[in-house]
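Data block below; observations after.
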Amino acid sequence: QVQLVESGGGLVQAGGTLRLSCAASGSIFNIPTMGWYRQAPGKQRELVATLTDGGSPNYADSVKGRFSISRDNAKNTVYLQMNSLKPEDTAVYYCYAVHLVTGTGMYHYWGQGTQVTVSS
């Protein structure tokens, strides 16, 4: 199994910057994809950004040009650099990982979430 722990959330003013981190532990091998989702009150959880080994980053249209996802494979950590934050970015941000187990299949894991609040 895989455990994901997010950090870096907080309260910032519009136009500010935050960097989220997510560290994976447990069965840390064969995690081809990591990323970030978010969920605002009363809204469905939506994709923010994902990154797959050997592929290119995938971003939601609403964050393109402002957010950047990166991964440090040696540290089993994925980051989300968030610039030019807007009040509509306010949400709980969840780390996401896909764990590939040979002979079994793929498993999807979620972190507990970290709150990002952007004030006007």
Side-chain angles (χ1 to χ4, degrees):
Q1 67 278 8
V2 175
Q3 292 181 320
L4 304 173
V5 180
E6 305 100 331
S7 63
L11 173 64
V12 297
Q13 295 182 351
T17 297
L18 284 174
R19 189 178 76 161
L20 305 183
S21 300
C22 174
S25 62
S27 300
I28 60 176
F29 300 105
N30 298 320
I31 304 178
T33 299
M34 297 188 73
W36 296 91
Y37 286 69
R38 68 186 181 186
Q39 187 168 23
K43 303 292 184 180
Q44 295 188 56
R45 188 173 298 185
E46 65 174 355
L47 181 147
V48 178
T50 59
L51 182 61
T52 298
D53 286 344
S56 59
N58 182 35
Y59 297 99
D61 289 339
S62 60
V63 307
K64 286 182 178 178
R66 299 189 298 119
F67 291 9
S68 179
I69 187 171
S70 61
R71 181 176 179 179
D72 186 337
N73 289 319
K75 296 182 178 180
N76 302 300
T77 301
V78 65
Y79 304 93
L80 184 67
Q81 179 70 39
M82 304 186 294
N83 301 323
S84 302
L85 283 162
K86 304 175 181 179
E88 50 263 44
D89 294 319
T90 296
V92 177
Y93 284 69
Y94 296 91
C95 185
Y96 168 78
V98 175
H99 184 211
L100 178 63
V101 180
T102 303
T104 301
M106 294 189 298
Y107 297 85
H108 303 263
Y109 292 90
W110 300 89
Q112 65 180 12
T114 184
Q115 178 70 47
V116 171
T117 302
V118 184
S119 62
S120 300

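Values below: all heavy atoms of this structure, side chains included; hydrogens, waters and symmetry mates excluded. What you see is a predicted model, and the numbers here were worked out from it, not measured in a lab.
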- Task: Given side chain to side chain contact (heavy atoms under 4.5 Å, CB included), test T50 with V98 step by step and report yes or no.
- Result: CA-CA 10 Å; T50 59; V98 175; over 6 Å; no
- Over all heavy atoms of both residues, which pair between A40 and A91 is shortest? Give the atoms and the distance, please. N-CB, 3.8 Å
- Interatomic distance, OH@Y59 vs CG@L47, rounded to 0.5 Å, equals 11.0 Å
- Message: Hydrophobic clustering (ILVMFWY, side-chain heavy atoms < 4.5 Å, transitive) - are I31 and Y79 grouped together?
- Response: no
- Message: Checking the side chain of H99 only, and the main-chain atoms of F29 only, is there a donor and an acceptor separated by less than 3.5 Å?
- Response: yes
- Message: Within the supplied structure, the quantity of interest is the number of heavy atoms (other residues, nucleotides, ligands) at a distance under 6.0 Å from E88 CD; does it exceed 12?
- Response: yes
- Message: Applying salt bridge (charged side-chain N to carboxylate O under 4.0 Å, His left out) as the test, list every pair that has at least one member in residues 25-43; sequence neighbours left out.
- Response: R38-E46, R38-D89
- L80 vs V48, side chain to side chain contact (heavy atoms under 4.5 Å, CB included): CA-CA, chis, key distance, verdict: CA-CA 9 Å; L80 184 67; V48 178; 4.1 Å; yes
- Message: Please say yes or no: joined through hydrophobic side-chain contacts below 4.5 Å, possibly via intermediate residues, are V12 and F67 part of one cluster?
- Response: yes
- Query: Taking all non-hydrogen atoms of both residues, which atom of C22 and which atom of L4 are closest, and how far apart?
  - Reply: SG-CB, 3.8 Å
- Message: Quick check: do V78 and L51 have side-chain heavy atoms less than 4.5 Å from each other?
- Response: no
- Residue list, ring-ring contact (aromatic ring centres under 6.0 Å, His included) with Y94, at least two apart or on another chain: none
- Task: Return the minimal non-hydrogen interatomic distance between G8 and L18, and the atom names on each side.
- Result: O-CD2, 3.7 Å
- Message: Students often mix this up, so state it plainly: with edges at 30° and 60°, are the rings of W110 and Y37 parallel, tilted or perpendicular?
- Response: perpendicular
- Query: Going from OG1 on T77 to CG on D72, what distance comes out if it is rounded to the nearest 0.5 angstrom?
  - Reply: 6.5 Å
- Query: Is there a path of hydrophobic side-chain contacts, each under 4.5 Å between heavy atoms of I, L, V, M, F, W or Y residues, that connects V116 with W36?
  - Reply: yes
- Under 6.0 Å from the CD atom of Q39, do we count more than 12 heavy atoms belonging to anything else shown? yes
- Report yes if the side chains of L20 and E6 come closer than 4.5 Å at any heavy-atom pair, otherwise no. no
- Could you tell me the separation between the CZ atom of R66 and the OG1 atom of T17, rounded to the nearest 0.5 Å? 10.5 Å
- Query: Do M34 and N76 touch side chain to side chain, with heavy atoms closer than 4.5 Å?
  - Reply: no
- Task: Return yes if some donor-acceptor pair links the side-chain N/O of T114 with the main-chain N/O of Y93 below 3.5 Å, else return no.
- Result: no
- Message: Show the nearest heavy-atom pair for residues V2 and Y109, with the distance to one decimal.
- Response: O-CD2, 3.2 Å
- Task: Working to the nearest 0.5 Å, report the span between CE of M82 and CD1 of I69.
- Result: 12.0 Å
- Note on the structure: Hits for side-chain hydrogen bond (donor to acceptor under 3.5 Å, both in side chains) against Q112, two or more places apart or cross-chain, chain-then-number order -> none
- Taking atom CD of Q1 and atom OG of S25, what is their separation to the nearest 0.5 Å? 9.0 Å
- Query: Can you name the closest pair of heavy atoms from R71 and T33 and give their distance?
  - Reply: NH1-N, 4.1 Å
- From CD (Q115) to CG (L11), nearest 0.5 Å: 9.5 Å
